[in-house]
Chemist: 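The following block contains the structure, expressed as structure tokens.
In what follows, residues are counted from 1 in the order of the sequence shown. Since this is a predicted model, take the numbers as computed values, not measurements. What you see below is based on every heavy atom in this structure, not just the backbone, and it leaves out hydrogens, waters and symmetry mates.
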Amino acid sequence: MTAYSNPQAYERWMGRWSAHLAPLFVRFAGLGSPGRYLDVGAGTGVLARAIAEEFGDAEVVGIEPVASYVDHARARLRDPRFRFELGDAQAIPFDNDTFDAALALLLLQEVPDAPMAVGEMRRVTRSGGCVAATQWDFRRGMPMLSLFWEAVQEVVPGERTRREAARRVSPGYSDEGALARLWEQAGLAEVEAAGLEIAMDFASFDDYWSPFLGGATPTSSYAATLSDDVRQRLAARLREKVLGDGPDRPFSLSARAWAVRGTVP
């Protein structure tokens, strides 16, 4: 399955956690009042929905490079306040000074040229408007993934390189300080960065494990490539890590994202 081609699988994989993060991110951005906002890398539309829930009269335009995600967001959010189009964060298809704010939820780690994307977000935002982004802290703030790769290393010899590649984020933008410098280098003012924390609540071990077989992203496709025997041993080892020797039950893992905002001079 092609990476990032299945929005339904992505919803089970990370989309449900994006939906928890999005309201925190909107409040962090401090938009202030209803306006016309750009959602860069709109995905399944969770950020657009969070903006509209915060500001009932807001207009949100989302751009997304994958057609199946654009179709999914359009079907999910049919309200005329929303518009979703194909578009690249590194070449945003709008004129200068078009929006009151430009926001990106969990996008920067996927963009080949993050400075170009931030420059484009600034270009299309009016003077005094907000440019903001957030991304998961893959290095120290995502036990959901780190526990999985720890189990992989224990069950599948020689997988360290694959694990490190899976954890890699955009070079140099892996913490709040680096993101703040990226914003400052883009010429944005009043730059602030912070960590945003959410809880990932799982109803059972299968609720945690099954999305690793769904093929939504390269990471979530990995377990499905293993033989049945190895995959079963991996699942058993991972279950021990999150539940110990006890029975199946609901459990929770923490998650942290880095967020940054700045104002267009």
Chemist: Which pair of non-hydrogen atoms, one from P93 and one from L86, has the smallest distance, and what is that distance?
Modeler: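 Closest heavy-atom pair between P93 and L86: CG-O, 4.4 Å.
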
Chemist: Taking atom types as modelled, is there a side-chain donor on R12 or S210 under 3.5 Å from an acceptor on the other?
Modeler: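 Distance-only check passes for R12 and S210.
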
Chemist: Could you go step by step and tell me if Y222 and V152 meet the side-chain contact (heavy atoms from CB on, under 4.5 Å) rule?
Modeler: CA-CA 10 Å; Y222 171 74; V152 168; 3.7 Å; yes

Chemist: Taking the side chain as everything from C-beta on, heavy atoms only, tell me whether V191 gets closer than 4.5 Å to T263.
Modeler: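 A side-chain contact is absent here, since even the closest heavy-atom pair is not under 4.5 Å.
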
Chemist: How close do A52 and F82 get, counting heavy atoms only, and between which atoms?
Modeler: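 Smallest heavy-atom distance, with atoms named: CB-CZ, 3.4 Å.
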
Chemist: Applying side-chain hydrogen bond (donor to acceptor under 3.5 Å, both in side chains), name anything that partners R126, two or more places apart in sequence or on another chain.
Modeler: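 Partners of R126 by the side-chain hydrogen bond (donor to acceptor under 3.5 Å, both in side chains) criterion, ordered by chain and then number, come out as D100.
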
Chemist: Would one find more than 12 heavy atoms of other residues, nucleotides or ligands at under 6.0 Å from atom CG of D57?
Modeler: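 For D57, atom CG is not crowded (no more than 12 foreign heavy atoms under 6.0 Å).
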
Chemist: Judged by atom type as modelled, is there a donor-acceptor pair below 3.5 Å linking the side chain of D137 to the main-chain atoms of W258?
Modeler: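 Pair absent, no side-chain N/O of D137 close to backbone of W258.
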
Chemist: So if I apply the side-chain contact (heavy atoms from CB on, under 4.5 Å) rule between F99 and each of V61, I92, V131, which one comes out positive?
Modeler: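 By the side-chain contact (heavy atoms from CB on, under 4.5 Å) criterion, F99 pairs with just one of V61, I92, V131: V61.
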
Chemist: Honestly curious: do I198 and L147 fall in one hydrophobic cluster under the side-chain, below-4.5 Å linking rule?
Modeler: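 In one cluster: yes.
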
Chemist: Does R261 pair with E192 as a salt bridge, N-O distance under 4.0 Å?
Modeler: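 The answer is yes: the pair qualifies as a salt bridge.
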
Chemist: Is there a continuous path of hydrophobic side-chain contacts, each under 4.5 Å between heavy atoms, that joins L213 to F202?
Modeler: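 Linked within one cluster.
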
Chemist: The test is side-chain contact (heavy atoms from CB on, under 4.5 Å); show your working for L24 and R27 and say whether it passes.
Modeler: CA-CA 5 Å; L24 297 180; R27 289 192 287 273; 3.4 Å; yes

Chemist: Does some side-chain heavy atom of R249 sit less than 4.5 Å from a side-chain heavy atom of F251?
Modeler: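 Touching, per the 4.5 Å side-chain cut-off.
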
Chemist: Anything under 30° is parallel, anything over 60° is perpendicular, the rest tilted; go ahead and classify F148 against W209.
Modeler: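 Plane angle between 30° and 60°, so tilted.
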
Chemist: Could you state the interatomic distance from CG (L21) to CG (L106), rounded to the nearest 0.5 Å?
Modeler: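 If we round to the nearest 0.5 Å, L21:CG and L106:CG are 5.5 Å apart.
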
Chemist: I need the F25 CZ to Q135 CD distance, nearest 0.5 Å.
Modeler: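 Between atom CZ of F25 and atom CD of Q135 there are 11.0 Å.
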
Chemist: Drop me the distance from R16's CZ to E11's CD, to the nearest 0.5 angstrom.
Modeler: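 CD of E11 is found 10.5 Å from CZ of R16.
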
Chemist: Would R181 and E184 satisfy salt bridge (Lys or Arg N to Asp or Glu O under 4.0 Å), going step by step from the backbone distance to the final call?
Modeler: CA-CA 5 Å; R181 288 190 293 274; E184 290 164 353; over 6 Å; no

Chemist: side-chain contact (heavy atoms from CB on, under 4.5 Å) for V111 and Q90? Distances and angles first, verdict last.
Modeler: CA-CA 8 Å; V111 176; Q90 299 165 115; 3.6 Å; yes

Chemist: Pairs of donor and acceptor atoms involving the side chains of residues 37-49, under 3.5 Å and at least two apart or interchain, shall be tabulated with distances.
Modeler:
residue	atom	partner	partner atom	Å
Y37	OH	S33	O	2.2
Y37	OH	G35	N	3.4
D39	OD2	A48	N	3.4
T44	OG1	R76	NH1	3.4

Chemist: When the ring centroid of F138 is compared with that of W149, is the distance short of 6.0 Å?
Modeler: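 No, ring centres 6.0 Å or more apart.
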
Chemist: Decide yes or no for T134 and L196: does some side-chain heavy atom of the first lie under 4.5 Å from some side-chain heavy atom of the second?
Modeler: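 Side chain of T134 against side chain of L196, heavy atoms only: contact under 4.5 Å found.
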
Chemist: Would you compute the distance between atom CG of L188 and atom OG1 of T125 and round it to the nearest 0.5 angstrom?
Modeler: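 The distance works out to 8.5 Å.
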
Chemist: Please report the C-alpha distance between R81 and E59 in whole Å, then the side-chain angles of each, then the deciding distance to 0.1 Å, and finally whether the side-chain contact (heavy atoms from CB on, under 4.5 Å) criterion is met.
Modeler: CA-CA 5 Å; R81 292 175 297 171; E59 175 190 356; 5.6 Å; no

Chemist: Would you name the heavy atoms of M144 and Y208 that are closest together and state the gap between them?
Modeler: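 That would be O-OH, 2.7 Å.
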
Chemist: So, for A89 and E120, which heavy atoms are closest and what is the spacing to 0.1 Å?
Modeler: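 Taking every non-hydrogen atom into account, O-CB, 3.5 Å.
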
Chemist: Hey, could you give me the OG/CG distance between S127 and N96, rounded to the nearest 0.5 Å?
Modeler: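 With rounding to 0.5 Å, OG (S127) is 12.5 Å from CG (N96).
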
Chemist: Using a 3.5 Å distance criterion without hydrogens, assess whether the side chain of R123 forms a donor-acceptor pair with backbone atoms of F94.
Modeler: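 Looks like yes, one N/O pair under 3.5 Å.
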
Chemist: Are L107 and M116 connected into the same hydrophobic cluster when the rule is that any two of I, L, V, M, F, W, Y join if their side-chain heavy atoms are below 4.5 Å apart?
Modeler: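 In one cluster: no.
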
Chemist: Do L108 and L179 come within less than 4.5 Å of each other through their side chains, counting heavy atoms only?
Modeler: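 Contact flag for L108/L179 side chains = yes.
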
Chemist: Any side-chain heavy-atom pair from C130 and L31 closer than 4.5 angstrom?
Modeler: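 Side-chain contact under 4.5 Å: yes.
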
Chemist: So do the side chains of S227 and V230 get within less than 4.5 Å of each other, counting heavy atoms only?
Modeler: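 Yes, at least one pair of side-chain atoms sits under 4.5 Å.
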
Chemist: What I'd like to find out is whether the side chain of M142 reaches to under 4.5 Å of the side chain of R256, using heavy atoms alone.
Modeler: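 A side-chain contact is absent here, since even the closest heavy-atom pair is not under 4.5 Å.
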
Chemist: Using modelled atom types and a 3.5 Å cut-off, is there a donor and acceptor pairing between side-chain atoms of D95 and backbone atoms of T98?
Modeler: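 Pair absent, no side-chain N/O of D95 close to backbone of T98.
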
Chemist: Can you give me the closest heavy-atom contact between W136 and A255, atom names plus distance?
Modeler: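 Minimum heavy-atom contact is CZ3-CB, 4.0 Å.
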
Chemist: Does K241 pair with E150 as a salt bridge, N-O distance under 4.0 Å?
Modeler: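 E150 and K241: salt-bridged.
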
Chemist: Any carboxylate oxygen within less than 4.0 angstrom of a Lys/Arg side-chain nitrogen, looking at R239 and D206?
Modeler: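 Looking at D206 together with R239, the answer is no, because their closest N to O distance does not fall below 4.0 Å.
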
Chemist: What pair of heavy atoms forms the shortest contact from E85 to R74, and how long is it?
Modeler: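 Here E85 and R74 meet closest at CA-NH2, 4.0 Å.
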
Chemist: Is there a side-chain contact between S18 and L105, using heavy atoms and a 4.5 Å cut-off?
Modeler: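 Yes, close enough: below the 4.5 Å cut-off.
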
Chemist: Measure the spacing between CG of L226 and CD of Q232 and express it to the nearest 0.5 Å.
Modeler: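 Reported value, rounded in 0.5 Å steps: 11.0 Å.
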
